[in-house]
Every structure is written in C-alpha cells, then in structure tokens.
Number of protein chains: 2
Amino acid sequence: MASSGKKKATIYDLSVLSGSSPSTVSAVLNGTWRKRRIKESTAELIRSLAETHQYTANRQARGLRSSRSGLVGLLLPVHDNRYFSSLAQTFEAHVRSKGQCPIVVSASRDPEEERKTAETLISYSIDELFICGATDPDGVHEVCEAAGLKHINIDLPGTKVPSVISDNFEGGRLLTEAIIRHFPADRPLRPRDLYLFGGRNDHASHERIRGFRAVKKELLGDDPDECIQPTGYAPNNARKAFEAFYARHGKLPRGLFVNSSINFEGLLRFMAEHPHDNFTDLVVGCYDYDPFASFLPFPVIMIRQDVERMIAKAFEVIEQPRAAPRIHLVEPELVPPRTALTGPLDALKDIDLPRGRP
Amino acid sequence: MASSGKKKATIYDLSVLSGSSPSTVSAVLNGTWRKRRIKESTAELIRSLAETHQYTANRQARGLRSSRSGLVGLLLPVHDNRYFSSLAQTFEAHVRSKGQCPIVVSASRDPEEERKTAETLISYSIDELFICGATDPDGVHEVCEAAGLKHINIDLPGTKVPSVISDNFEGGRLLTEAIIRHFPADRPLRPRDLYLFGGRNDHASHERIRGFRAVKKELLGDDPDECIQPTGYAPNNARKAFEAFYARHGKLPRGLFVNSSINFEGLLRFMAEHPHDNFTDLVVGCYDYDPFASFLPFPVIMIRQDVERMIAKAFEVIEQPRAAPRIHLVEPELVPPRTALTGPLDALKDIDLPRGRP
DNA sequence: CTTGTTTGCACAATCGATGGTGCAGAGACT
DNA sequence: AGTCTCTGCACCATCGATTGTGCAAACAAG
C-alpha cells in the first residue's frame with residue numbers, strides 16, 4: 001500500500017522554477033522545442049530541472065489534448081496458453097520498442113465480451129488494436145470503425161480489415177502427413193485409424209480440417225466424415241469426446257490430430273482417467289507447440305506458428321494507410337517429437353539483485 | 001486499418017441534444033445524479049440519448065480530472081509461462097469484476113526495467129499496482145511511493161509493503177519429500193543422488209532450498225553443498241548445468257528438484273541432445289505446475305502455487321489502508337505425476353460464431 | 001403577502017499538456 | 001532613423017469530464 005506521496009511535478013511547477021512559460025517547458029520536454037526556437041540554454045535548464053524533480057508527463061493530460069494515448073491494445077482469447085502468451089510476449093516487445101505501452105486483455109472467445117472489451121480500450125483512446133483469435137472479428141471491427149481506431153486481425157481472419165494468420169491449410173497438411181508417415185510401412189495407418197479432435201466453426205479449424213482431409217484422401221485413400229470431431233475449444237469437451245470414442249472402441253485411434261494445445265489438455269485429462277492403458281501405438285499431432293508436450297511418452301508431432309513473423313507482419317500492415325482487407329499467410333513450422341525450441345524467454349538476461357538482500 | 005470514424009459523442013453533444021448542461025449530463029452518466037437532485041425524467045432522457053448515440057465516457061478526460069484512471073496494473077517477469085500467464089488470467093478476472101481495466105506488463109526480471117515500467121504505468125495514473133515476481137520489489141516500491149500509488153508484492157516479497165507469496169519453504173519440503181519417497185525402499189536415494197537445479201539469489205529460491213536441505217538432512221541423513229545448483233532463471237543456463245553434470249558423471253542424478261518450469265525447459269533441452277539415453281530411474285520434482293510436464297515419460301511431481309488464493313489475498317490486503325509490510329503465505333499444492341488439473345480456462349463457455357460465416 | 005425551504009439544475013473552475021498565434025527586442029540593411 | 005527579418009519566447013484556447021457553488025422557480029409555513 002502506501003499513499004503518502006507528494007504529488008508529481010507538472011510543467012507548471014517547472015515553469016515557475018525555471019521562469020519560463022508552461023508551453024516552453026512542454027515543448028522542451030516533448031521534443032518539439034527546436035521547432036519553437038527555444039534557446040539551447042533554456043532547454044538545458046528545463047531539462048535539468050525536470051531531471052532533479054523526477055518529472056514525468058501525465059499521459060492522461062497529453063492523451064486528452066492530442067487524442068492519442070501511446071497505448072496499443074492486444075485483444076486475446078485467453079492468457080493461459082503458451083501460444084497466446086508467447087504472442088503477448090512478442091507483441092509487448094514490439095510495442096515497447098516503439099516507445100508505446102502495450103495493453104493486453106483477454107475476452108474469453110465471447111463475441112459480446114470481445115466488443116465490450118474493445119469499447120473499454122477505445123475509451124482509453126488507444127492508438128491501435130490488434131485483434132487476436134477473436135470469435136467475431138467483424139463485430140469488433142464495427143466498434144473500432146465507429147471510433148476511427150486502426151485495427152488488424154491476427155490468428156483468425158475478418159473480412160473488413162487485413163488479417164495476418166498462419167497458413168492453416170498448409171499446416172494441417174504438414175501435420176497430417178507427418179502423423180501418417182510416422183507409422184512404419186508394415187503397420188500402416190488405415191483411414192479409420194486417424195481422427196481429428198477439437199476446433200470449431202472458425203476459419204482456422206476449417207482450413208486445418210481441409211488440409212487434414214486432403215492429405216488423408218491422398219495418402220490413405222479415404223476420408224470418412226466420422227473421423228472429424230470438432231469438439232470446440234474447451235478441454236473438457238475434448239476429454240468427453242475421447243472418452244466417448246474409448247467407450248465405443250475400447251481404445252483410442254492410432255493417429256490423432258489434436259486441434260490445439262488446449263484440446264490436448266483434454267486428451268491428458270482422458271489419459272489421467274485411464275492410468276493402466278499405456279497408449280503405445282499412438283501418434284499425436286497437435287496444432288500448437290508446447291515444449292513439455294513434445295516430450296510426452298508417445299510421439300507428439302507439433303506445429304509451431306511463427307509468432308515472431310505474424311506480429312512483425314501485423315505491425316507492418318497496420319501502418320499502411322488503406323490496406324485492402326486481404327489475408328496474409330505466415331507459414332508455420334513442423335516440430336518433430338522431442339524437440340525443445342527456444343522462445344522469447346531466451347532473450348532475457350539473467351540479472352541478480354542489485355541490493356544486498358536475501 | 002480503417003480510420004474513417006466520425007468522432008465519438010461527448011457530454012457536450014448530449015448536452016445540446018438534451019437541452020441540459022454538460023454537468024447534468026455528466027452526473028447522470030456517472031451515477032452521481034441522485035446526489036445532485038436531477039429529475040428522474042431528465043436522467044431518463046439523457047440516458048436514452050446516450051444509448052442511441054453510443055456514448056462512452058472519455059476515460060482520459062475523466063482520469064485527468066479525478067486523477068484516477070480505472071486502470072489496475074500487474075507487473076510480471078514474463079508472459080510466456082504457465083504460472084505467470086495463469087496469474088494474469090486470474091488477475092484480469094478480478095479486476096474486470098470490479099469494473100476496472102487490467103493492464104499486464106512484463107519487465108523481464110530486470111530491476112531497471114521494472115522501475116521504468118512502473119514509471120510508465122504511473123504516468124497513465126493507474127490506480128493500483130501488483131508487483132509480481134520482481135527482482136527488486138523495493139526498487140519498484142520507491143517509484144510507487146514517490147507517486148503515491150498503492151501497491152503490493154506477489155510471488156516475491158519486498159520489505160516496504162505487504163507481500164503475498166506462496167509458502168516456498170513448505171512447498172520445498174513437500175516436493176523434496178515426495179521425490180525421496182517416490183523411490184522404492186530397496187533402491188533408496190542417497191544424499192548425492194538428489195540435486196536441486198535452478199533459481200537464484202531471491203527469497204523464493206532461498207526458501208525452497210532451505211526446505212530442500214532440511215528434508216534431505218532429515219530423511220537422507222546428509223545434505224552436501226554440491227547438490228545445490230542455483231543456475232538462474234534462463235533455460236539455457238540450466239541446460240548447461242545438466243550438461244556439465246552429465247559430462248562428469250555420465251548420467252543425471254536419480255532425483256532432481258527443478259526450481260521452476262522455465263528451468264525445466266532447460267532439462268528438456270538437455271534431453272533433446274541425448275536422444276538415446278532413456279532416463280529411466282529418474283524422478284523429477286518441479287516447483288511449478290504444467291499439465292504437459294506432468295505426463296512426461298518419467299515421474300514428474302509438481303507443485304502448483306495457489307494462484308487463485310494469492311490473487312484474492314492480494315486484492316484483500318491492498319484495500320487495507322495502512323497494512324504492515326508483512327508476508328502473507330499461501331499454501332501450495334503437491335501434484336502427483338500424471339495429473340491434469342483444471343485451470344482458469346475451464347471457466348470459459350464454448351460459444352460459436354453468431355453470424356453465418358465459415 | 002412575506003419569508004424560508006426544497007427542488008432542479010446551470011455555471012465555471014479545474015485537471016496537465018499541446019500548439020496556433022502574437023509580439024517584444026535584437027540585429028541587418030537601406 | 002526607419003523598415004525588415006529573425007530570434008525567443010509568452011499567451012490562451014482546447015481536449016472531455018468532474019465538482020463546488022450559486023440561483024431561480026416552486027412550494028410551504030406563518
């Protein structure tokens with residue numbers, strides 16, 4: 001807690017101290033002072049006063065006047081997931097490098113909440129909004145549009161503004177093929193041995209399923225509808241689907257295409273309920289990368305979406321004044337089993353406490 | 001993109017439309033209108049105008065006047081980690097339920113960056129700051145103190161304001177004991193079979209190490225110094241430490257206490273380099289919970305810190321006017337191998353798109 | 001009819017920074 | 001000396017909401 005604080009210095013305080021006007025102080029401290037022909041020595045004085053009085057500008061005041069806030073928003077489905085949290089990490093680095101402040105918020109994949117959350121961010125006069133994995137990107141678009149806010153879609157596309165997403169069709173193909181080829185030629189997979197679980201009525205799932213079915217047809221000759229089980233994005237729904245399959249067949253399919261790491265957690269929950277089944281002869285492909293999942297006791301082939309490139313592309317596109325609402329595809333990467341990739345965390349230095357405390 | 005927006009309605013627009021004064025409009029829309037004895041019918045009119053014109057208050061203006069912003073900050077070491085991201089998720093839910101807006105930022109465990117980030121948040125007039133896992137909590141404290149900002153520590157304690165942290169000593173004891181007891185009585189662990197890797201010169205590591213050593217001494221009779229390897233918080237440093245041990249001994253210790261899931265990733269990297277070693281006769285205890293790690297091919301015992309309770313406690317304590325800078329301990333939970341716990345994600349509903357789009 | 005009270009609202013200052021405009025003084029030039 | 005041009009800054013309105021204060025009209029009490 002603590003709230004004894006003396007209040008912060010303002011340009012008016014510095015104005016009195018320096019004997020200049022507030023506008024001069026403002027100009028010096030926000031960098032526009034050359035344009036205003038302020039003497040170098042005046043500027044120097046004000047800067048040193050600002051220094052000793054720990055002046056920092058009140059961004060609400062600045063934002064009010066300039067109707068820009070320096071805040072850049074990222075709207076996420078959830079935080080608690082390696083894919084989205086690494087997006088957040090990368091996003092933050094980009095925003096900070098531009099001298100702005102990231103504000104990352106989740107909206108639980110609920111269209112209504114997505115719009116309300118966008119409204120809230122807009123009320124803070126954020127400068128840009130990155131809409132990631134939204135269930136209803138065009139709904140959010142309308143809110144942004146009405147407020148004149150620059151925005152862009154990531155991960156799931158909308159139709160009104162540009163979208164940067166991973167190439168889910170190609171990723172689905174890659175992953176499906178890798179699963180199939182992981183089985184030895186003498187015990188090959190048959191069409192009904194390979195199921196897809198998870199995902200729902202969104203663009204990403206559609207594309208992945210399309211890739212899955214295309215490769216299945218091509219390599220296994222058939223592609224039965226029953227092998228597609230879009231069980232949504234809740235871990236427990238996926239668990240129930242595995243449970244149901246297991247109840248009917250006494251085993252899992254030999255090959256599993258799991259639509260996201262969140263659905264994969266549903267598979268883990270299923271497995272926890274069946275401790276005596278060893279799940280040998282099982283190959284899992286998961287459309288998401290998680291280092292721990294990669295080392296599970298059965299082969300896990302994963303797709304890593306290229307978060308770095310997606311974020312970089314999104315920042316590039318959002319700067320363009322009147323970009324057409326096209327979809328920018330970013331190629332994902334196939335990650336073989338037992339692979340520990342480096343991530344944003346590796347950029348951190350490992351620094352020790354400065355002060356001598358336990 | 002898109003930026004064609006007509007600008008947003010203000011209280012002045014509504015003032016003209018309703019024929020009332022701006023202050024009346026303001027009072028009606030911020031709830032203080034009863035106190036100002038505004039007629040019900042006037043209020044009703046203004047509310048309906050606000051509705052049809054999609055009025056939302058400009059928070060920068062409100063914040064400037066009231067020197068409160070409705071923003072509540074969470075300062076994190078990193079996003080890209082299940083422990084911190086679930087903290088963020090839980091934090092966000094709490095803040096939103098109070099009608100405020102969460103703003104989650106990471107500072108990479110760098111004391112300098114922690115302070116600067118706090119400064120930035122302060123310049124947005126955030127109302128409260130939750131300082132989580134900071135390397136130098138007292139440094140951040142000074143910044144907050146100077147600005148008169150309420151704040152509290154989470155995960156790593158400071159000495160100036162209250163801290164809510166998990167009971168690392170007890171957690172360390174629990175985990176160490178569970179590792180030891182996981183070995184059968186006929187092939188018991190000897191003191192030099194049990195190593196601790198990861199962590200550094202912080203309170204949490206100290207306490208965990210203290211618990212580790214106490215239990216080792218008690219159950220195994222000895223506790224050699226060499227078995228403590230505080231390799232920091234970077235995955236690659238942990239990897240190198242495992243590599244070094246392996247080079248000297250030709251194997252890993254039979255029992256491993258890994259100080260965090262981030263260090264655990266270092267272990268994975270090590271294992272990826274040694275694909276032919278099966279690492280049987282290995283038991284890992286990890287001070288963090290990750291569902292995928294829990295199902296690895298060797299027994300992994302994990303500690304789940306009680307994120308829900310920590311956040312709830314922190315919100316409780318931060319409201320108290322002059323709370324003493326004491327440490328509030330929250331008991332963590334021991335998670336046996338192959339356990340899939342539910343998390344914040346399970347609170348989500350699984351909703352489909354409203355509009356008919358692919 | 002007069003004085004007091006309540007109702008219902010308007011007015012205006014304020015929060016801190018920004019940026020257009022104006023203007024005095026110094027120097028240059030004729 | 002008179003006119004111009006620069007230099008270096010001050011003044012003031014402005015962004016949108018909040019809030020203390022004032023005041024007319026309506027009503028009640030005497």
When the nearest nucleotide of DNA chain D is assigned to Ser20(A) and to Ser26(B) on a heavy-atom basis, which residue is associated with the more 5' position? Ser20(A)
Between Arg36(B) and Ser66(B), who's closer to the 5' end of DNA chain C by nearest nucleotide? Arg36(B)
Selected nucleotide, minimal atom distance to Thr32(A) side chain, candidates dG16(D), dG16(C), dG19(C): dG19(C)
Verify the contact: side-chain N or O of Tyr124(B) to OP1 or OP2 of dG16(C), cut-off strictly under 4.0 Å; return yes or no. no
Measure CG/Asn30(B) against C1'/dT19(D) and give the value in whole Å, please. 10 Å
Do the side-chain N or O atoms of Thr42(B) get closer than 4.0 angstrom to the phosphate oxygens (OP1, OP2) of dC9(C)? yes
Please determine if Arg96(B) and Glu113(A) form a salt bridge, counting it only when a charged side-chain N lies under 4.0 Å from a carboxylate O. yes
Send over the distance from Arg37(A) CZ to dC6(D) P, rounded to a whole Å. 10 Å
Between the side chains of Glu40(B) and Arg34(B), is the shortest nitrogen-to-carboxylate-oxygen separation below 4.0 Å, so that they form an ion pair? yes
Gap between atoms CD1 and C1', on Ile11(A) and dA10(D) respectively (whole Å): 13 Å
If I take atom OG from residue Ser125(B) and atom CZ from residue Arg59(B), how far apart are they, to the nearest 0.5 angstrom? 14.0 Å
Of all the choices, dC9(D), dG20(D), dG16(D), which nucleotide is nearest to the side chain of Ile38(A) once you look at every atom? dC9(D)
Can you tell me how far P of dG16(C) sits from CG of Leu29(A), to the nearest Å? 15 Å
Round to the nearest Å and state the distance from Arg68(A) atom CZ to dG19(C) atom P. 11 Å
Separation of atom CD in Gln60(A) from atom P in dA17(C), rounded to whole Å: 12 Å
Determine the contact category for Thr10(B): base if any of its heavy atoms lies under 4.0 Å from a base atom, sugar-phosphate if only primed atoms, P, OP1 or OP2 are that close, otherwise nothing. sugar-phosphate
Rounded to whole Å, please give me the gap between CH2 in Trp33(B) and C1' in dA10(C). 18 Å
Parallel, tilted or perpendicular: ring planes of Phe91(A) versus Phe130(A), cut at 30 and 60 degrees: perpendicular
Name the nucleic acid region contacted by Gly19(B), choosing base, sugar-phosphate or nothing; use a 4.0 angstrom heavy-atom cut-off, strictly under. sugar-phosphate
Whole-Å distance, Lys8(B) NZ to dC15(D) C1', equals 16 Å
For Ser23(A), report the nucleic acid contact type (base, sugar-phosphate, nothing); a contact means any heavy atom under 4.0 Å. base
Does the side chain of Tyr12(B) get closer than 4.0 angstrom to OP1 or OP2 of dA10(C) through an N or O atom? no
Using a strict cut-off of less than 4.0 Å between a Lys/Arg side-chain nitrogen and an Asp/Glu carboxylate oxygen, indicate whether Lys160(A) and Glu142(A) qualify as a salt bridge. no
Which part of the nucleic acid, if any, lies within reach of Arg62(B) when heavy atoms closer than 4.0 Å are counted: base, sugar-phosphate only, or nothing? sugar-phosphate
